[in-house]
Structure formats: C-alpha cells, structure tokens
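Given the structure is predicted, the values throughout are model-derived calculations rather than measurements.
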Amino acid sequence: MPTPLHSSISPASIRRSLLEAGAIAVGYADAKGVEPSAIDAYKQWLDRGNHAGMAYMERHGELRADPRGLLPEARSVIACAFPFAPASEDDIAPGRIAAYAYGLDYHDVLRGRLQKAIRKIDPSSEAEWRICIDSAPIPERYWAQKAGIGFIGRNGAIIIPGHGSMVFIALILTSLTLPASSPIYEKCLGCRRCLEACPGKAIADDGTVDSRRCLSYLTIEHRGPWISPEALSTVSTPAGRQCLFGCDICLRVCPHNRQIPSTTIAEFYPLPTLKDLVEETGGPEKLQNRCLTMTQEEFSRLFKGSPIKRAKLAGLHRNASTGNLDRF
C-alpha cells in the first residue's frame with residue numbers, strides 16, 4: 001500500500017528541504033514502468049555498440065525498465081538537479097579538465113546532502129527511501145524529464161530552464177505518493193553547435209552519443225591503450241591532445257549555458273590542491289607535462305576525494321601522453 005503523507009511531510013516541505021540541500025530544481029513523477037519507446041531506444045543504442053567498453057550498461061535491463069525493481073514499495077520518483085558551473089574566475093583548466101571534476105566527487109557530496117535532507121523530511125523514517133546518483137541502473141535523464149525539471153538537449157544532456165546543463169541529476173525513490181509534476185517536452189534550439197564542436201563527432205542527429213568517439217569516455221572510462229580507429233582519431237584532434245580528464249565542450253558551446261548562475265555548493269568549488277597544481281606548473285597549458293611525471297603518491301594526495309581518481313594514475317599518464325600517440 002502507498003505510504004500516506006504524514007502531516008509534517010508534504011510535497012512543499014520535501015521541495016523546500018531539497019532546495020536547502022543545494023538543488024536548483026525539484027520535481028515528482030509516478031514510479032512505474034518506463035515507456036516502451038524509451039526502452040527500445042536504449043536497446044537500439046546498445047545494439048549499435050555505442051556504449052563502447054561499458055559492458056555494465058547491458059546488465060539489469062529489468063531494473064532500468066521499472067524503478068520498483070530497485071525499491072518495491074516505490075510510488076514516486078523525486079528528481080533533483082544540482083549545479084556545478086564554475087565561476088569564471090574559478091575556470092582553472094578549461095579544455096583540459098571537465099568542470100564537473102574541479103571539486104569533490106559528486107556521488108559522495110550529493111549522497112551526503114540528500115541523506116541529511118531525508119532525515120529532516122522524515123525524522124521518524126515512516127517511509128521508504130532510496131537515493132540513486134549515477135550508480136543504480138536507472139535512466140536518470142528520462143525520470144528528470146518525466147518529473148518536469150528539464151528537457152533533453154541535442155547532445156543528450158538534460159537542460160534545466162534558466163540553469164542550463166552544467167548540472168548533476170539525483171533521483172530519490174520513495175514509498176510516499178506525491179503529486180506528479182508536468183513533464184517538460186521542450187526542444188533545444190537546434191543550433192547544432194554541440195554536434196559541430198564535438199572533437200570526435202560523437203553526437204548523432206538524433207541526440208545519441210557514440211562513446212567510442214567521445215573524448216569524455218575515452219579519457220575516463222576506457223582502460224588501456226587507444227587502439228580503435230575511432231579512439232585514435234578523437235584523441236588526435238587538437239582538443240584530444242590537450243585533454244587530461246573528461247570533456248565538456250558540448251556543454252560550453254551550448255547557448256543554454258550562457259550567463260547561467262555559478263554553483264553555490266562549496267564542495268564543487270575547485271580543490272585547493274588542483275588550483276595549486278595549475279599555478280605551480282605555470283598554468284593549464286603546462287599541466288600535461290606535470291601529470292606525465294606524476295607519481296602514485298602525488299596522484300593520491302593531489303586528487304584525494306576528486307572524481308579524477310576514477311581515471312587512475314595509468315589513465316592520467318596515458319591522457320597526458322597524447323602529444324606522442326606513436327607509443328600507443
């Protein structure tokens with residue numbers, strides 16, 4: 001049975017607590033099966049091999065198709081967006097390190113903030129809750145659109161009206177029955193700037209992304225040397241040759257990200273160790289050489305708590321070596 005709303009738990013109080021936790025948009029959707037058209041589109045994306053080496057994306061199809069597989073008592077999906085856009089003076093390594101990785105790992109930051117918010121919303125734990133932050137097999141962008149907090153752009157990123165797409169999406173499954181928000185079915189501007197600016201031409205006209213050509217995938221998720229023609233072609237571009245971790249070119253050229261508010265979440269401000277590293281090496285243009293000679297001890301110290309650790313030292317060395325691709 002759906003959990004009734006306690007007098008102290010209202011949609012307004014939930015929204016207020018999540019906004020206080022740093023969210024800039026909050027919406028609700030009914031927890032039910034994903035629409036067949038969305039499931040089919042995802043399967044077609046997999047069939048084309050667009051997930052590259054991310055084999056985990058092939059698994060748990062039944063959970064991706066229905067959030068109640070993750071929380072059987074779920075009646076509602078709460079979608080939240082948290083901004084990471086840097087202030088212009090804190091944009092310390094554009095083109096070399098994706099802006100989302102300037103601060104602490106968003107998985108840890110947002111989970112901590114949301115756990116605190118839920119304790120405030122429901123101190124008696126009368127409802128069931130499950131936080132999903134880019135870790136559970138659930139289509140975050142689909143639910144963000146269903147919950148009415150944004151729409152999906154040509155580059156596949158969720159766009160929050162007035163806040164752009166430099167955001168993290170977090171979902172909360174709950175046994176509470178909440179009034180569903182109206183989905184947003186807006187379209188992006190159709191300027192095609194993201195398609196044209198993408199170094200590997202990884203973005204298709206239908207808004208899907210081929211990870212085999214995506215600089216973000218190649219410098220973060222891919223393990224080992226770059227062997228495929230698609231990978232070598234992408235990292236050989238001017239953008240690829242200077243990329244150390246991730247790519248947000250398609251976000252930076254998007255008109256929806258012009259003059260958007262910078263994040264107020266302190267944990268997403270550039271880490272002092274990263275700022276010091278850039279300054280000590282003489283600027284971002286000299287960062288590659290410094291990373292190429294970095295030791296494991298330095299890597300662990302400088303990037304403690306940072307998403308950059310996901311690439312591991314071997315990945316950072318490989319990324320920093322793009323000036324000499326012959327070794328691959």
Side-chain angles (χ1 to χ4, degrees), residues 1-39 41-42 63-84 106 110-111 113-115 117-118 120-122 126-134 136-153 156-188 207 256-257 260-261 265:
M1 293 292 292
T3 303
L5 283 173
H6 188 273
S7 59
S8 62
I9 303 178
S10 66
S13 67
I14 293 173
R15 183 183 302 275
R16 182 169 57 252
S17 293
L18 294 174
L19 292 176
E20 290 174 353
I24 44 87
V26 178
Y28 314 121
D30 295 331
K32 57 184 180 181
V34 173
E35 294 176 357
S37 59
I39 296 175
Y42 183 72
L63 298 181
R64 297 180 190 278
D66 194 326
R68 291 168 294 190
L70 295 167
L71 183 69
E73 298 300 317
R75 295 295 179 270
S76 301
V77 179
I78 305 172
C80 318
F82 294 83
F84 64 81
Y106 66 95
L110 298 186
R111 186 170 297 279
R113 284 177 171 252
L114 291 176
Q115 288 174 337
I118 289 172
K120 183 177 181 180
I121 294 167
D122 185 17
E126 65 177 32
E128 294 290 330
W129 305 85
R130 175 158 180 174
I131 298 170
C132 303
I133 306 171
D134 193 26
I138 185 169
E140 290 94 350
R141 290 171 297 171
Y142 171 88
W143 287 109
Q145 185 169 24
K146 282 293 182 184
I149 67 171
F151 59 96
I152 298 175
I158 196 78
I159 297 172
I160 311 299
H163 293 274
S165 54
M166 286 192 170
V167 297
F168 299 120
I169 299 298
L171 303 180
I172 305 173
L173 308 181
T174 178
S175 59
L176 296 175
T177 301
L178 301 170
S181 309
S182 299
I184 297 179
Y185 292 112
E186 291 184 32
K187 301 289 186 180
C188 73
H256 288 284
N257 288 328
I260 56 174
I265 299 176

Rounded distance (nearest 0.5 Å) linking atom [atom1] of [X] with atom [atom2] of [Y]:
X: T174; Y: I78; atom1: OG1; atom2: CD1; result: 5.5 Å
X: I138; Y: L173; atom1: CD1; atom2: CG; result: 5.0 Å
X: W129; Y: L176; atom1: CH2; atom2: CG; result: 4.5 Å
X: R75; Y: R68; atom1: CZ; atom2: CZ; result: 7.5 Å
X: I149; Y: I160; atom1: CD1; atom2: CD1; result: 4.5 Å
X: I159; Y: M166; atom1: CD1; atom2: CE; result: 12.0 Å

Show the nearest heavy-atom pair for residues [X] and [Y], with the distance to one decimal.
X: S165; Y: A157; value: CB-CB, 4.0 Å
X: I184; Y: P161; value: CD1-CG, 4.3 Å
X: A117; Y: S17; value: CB-O, 4.1 Å
X: H256; Y: C188; value: NE2-CA, 4.2 Å
X: V167; Y: A81; value: CB-CB, 4.3 Å
X: A79; Y: W143; value: CB-O, 4.1 Å

From the options R113, R15, K120, select the one residue that forms a salt bridge (charged side-chain N to carboxylate O under 4.0 Å, His left out) with E20.
K120
How about [X] and [Y]: do any of their side-chain heavy atoms sit closer than 4.5 Å?
X: P11; Y: Y28; answer: yes
X: I265; Y: P83; answer: yes
X: L18; Y: L114; answer: yes
X: R64; Y: V34; answer: no
X: P137; Y: L70; answer: yes

State which residue, out of I172, L171, L71, fulfils the side-chain contact (heavy atoms from CB on, under 4.5 Å) condition with C132.
L171
Using atom types as modelled and distance alone, determine if a side-chain donor or acceptor of [X] lies under 3.5 Å from a backbone N or O of [Y].
X: Q145; Y: F151; answer: no
X: S175; Y: A127; answer: no
X: S76; Y: L178; answer: yes
X: Y106; Y: I133; answer: no

Intermediate values then yes/no, side-chain contact (heavy atoms from CB on, under 4.5 Å), I118 and I131:
CA-CA 10 Å; I118 289 172; I131 298 170; 3.8 Å; yes
I'd like to know whether T177 forms a side-chain contact (heavy atoms from CB on, under 4.5 Å) with D30, so could you lay out the CA-CA distance, the side-chain angles of the two residues, the decisive distance to 0.1 Å, and finally the verdict.
CA-CA 8 Å; T177 301; D30 295 331; 5.9 Å; no
Please indicate whether R141 has more than 12 foreign heavy atoms, meaning atoms of other residues, nucleotides or ligands, lying under 6.0 Å from its CZ.
no
Does the plane of the ring in F84 sit parallel, tilted or perpendicular to the ring in F168? Use 30° and 60° as the thresholds.
tilted
